[in-house]
Amino acid sequence: MSVARSHRYSVADADAEEFLARRSSLIATVREGHPGLIRTVLIHLEDGTYTDTWYWATAEQMGAALAALPTFPEAPLTMALTKDGTALNGQVVDER
């Protein structure tokens, strides 16, 4: 069964365009070395925060990518534009 890592954070309006470009670059880099990344979904919520969920084929593939995170130069550049971030991991139990 697939797994997901969900983040919630804020991005200043002035940084939104740059954040989206950096996030896109980060996703491409992660996919190059970790093909278990199935999809990502970014939602801008009405309270101004974002939820960013990354879906993985297996927990092992997600764990390997998280362990390699320090090797992705895009990661700190992307996350530098966020504040008040939280992250949670979970297993997908129903998808329609």
Side-chain angles (χ1 to χ4, degrees):
M1 185 151 296
S2 62
V3 296
R5 181 168 178 93
S6 183
H7 304 259
R8 186 176 182 130
Y9 45 73
S10 298
V11 176
D13 290 341
D15 294 330
E17 188 174 325
E18 181 63 22
F19 170 74
L20 291 174
R22 291 181 188 187
R23 179 180 175 275
S24 178
S25 179
L26 174 59
I27 291 167
T29 298
V30 170
R31 282 191 169 134
E32 284 178 21
H34 301 276
L37 181 59
I38 298 169
R39 69 184 181 129
T40 65
V41 178
L42 180 66
I43 300 172
H44 191 202
L45 300 170
E46 63 186 41
D47 69 357
T49 63
Y50 290 84
T51 59
D52 191 358
T53 306
W54 295 39
Y55 296 88
W56 296 88
T58 68
E60 293 77 20
Q61 289 172 318
M62 181 177 76
L66 290 174
L69 194 60
T71 68
F72 304 134
E74 296 90 347
L77 293 174
T78 303
M79 297 315 292
L81 296 175
T82 71
K83 66 178 185 172
D84 302 326
T86 61
L88 294 170
N89 298 330
Q91 184 175 24
V92 178
V93 295
D94 186 41
E95 190 170 15
R96 297 172 195 256

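Predicted model only: the values in this text are computed from it and were never measured.
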Between Y50 and I43, does a side chain to side chain contact (heavy atoms under 4.5 Å, CB included) hold up when you go through it step by step?
-> CA-CA 5 Å; Y50 290 84; I43 300 172; over 6 Å; no

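- In this structure, the side chains of T82 and H7 stay at 4.5 Å or more apart for every pair of heavy atoms.
- Taking each heavy atom of A75 and L69 in turn, the nearest pair found is CB-CD1, 3.8 Å.
- The distance from atom CE of M79 to atom CD of E74, rounded to the nearest 0.5 Å, is 13.5 Å.
- A donor-acceptor pair under 3.5 Å links the side-chain atoms of T29 to the main chain of S25, judged by distance alone.
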Using the side chain to side chain contact (heavy atoms under 4.5 Å, CB included) rule, take M62 and W54 through it: C-alpha gap first, then chi angles, then the decisive distance, then the call.
-> CA-CA 9 Å; M62 181 177 76; W54 295 39; over 6 Å; no

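- The two residues T53 and A4 make their nearest non-hydrogen contact at CG2-CB, 3.9 Å.
- Note that CG of L20 and CG of L81 are 10.0 Å apart. Values are rounded to the nearest 0.5 Å.
- Side-chain contact between F19 and L42 is present, with heavy atoms from C-beta onward closer than 4.5 Å.
- Using a distance-only test at 3.5 Å, with no hydrogens or angles considered, a donor-acceptor pair links the side chain of T78 to the main chain of R22.
- Annotation for T49 and S10: closest pair CG2-OG, 3.7 Å, computed over non-hydrogen atoms.
- Closest heavy-atom contact between P73 and P76: O-CD, 3.3 Å.
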Check against salt bridge (Lys or Arg N to Asp or Glu O under 4.0 Å), R8 and D47 = CA-CA 12 Å; R8 186 176 182 130; D47 69 357; 2.7 Å; yes

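- Criterion: ILVMFWY side-chain heavy atoms under 4.5 Å apart, direct or through other members. Under it, I27 and Y55 are not part of a common hydrophobic cluster.
- The distance from atom CD of Q91 to atom OG1 of T58, rounded to the nearest 0.5 Å, is 11.0 Å.
- The shortest heavy-atom contact between R31 and I38 is NH2-O, 3.7 Å.
- Taking CG from L37 and CZ from R5, the interatomic distance works out to 12.5 Å, rounded to the nearest 0.5 Å.
- Hydrophobic clustering of Ile, Leu, Val, Met, Phe, Trp and Tyr side chains at less than 4.5 Å, counting indirect connections, keeps V41 apart from V3.
- Here the shortest heavy-atom pairing between A65 and W56 reads CB-CH2, 3.3 Å.
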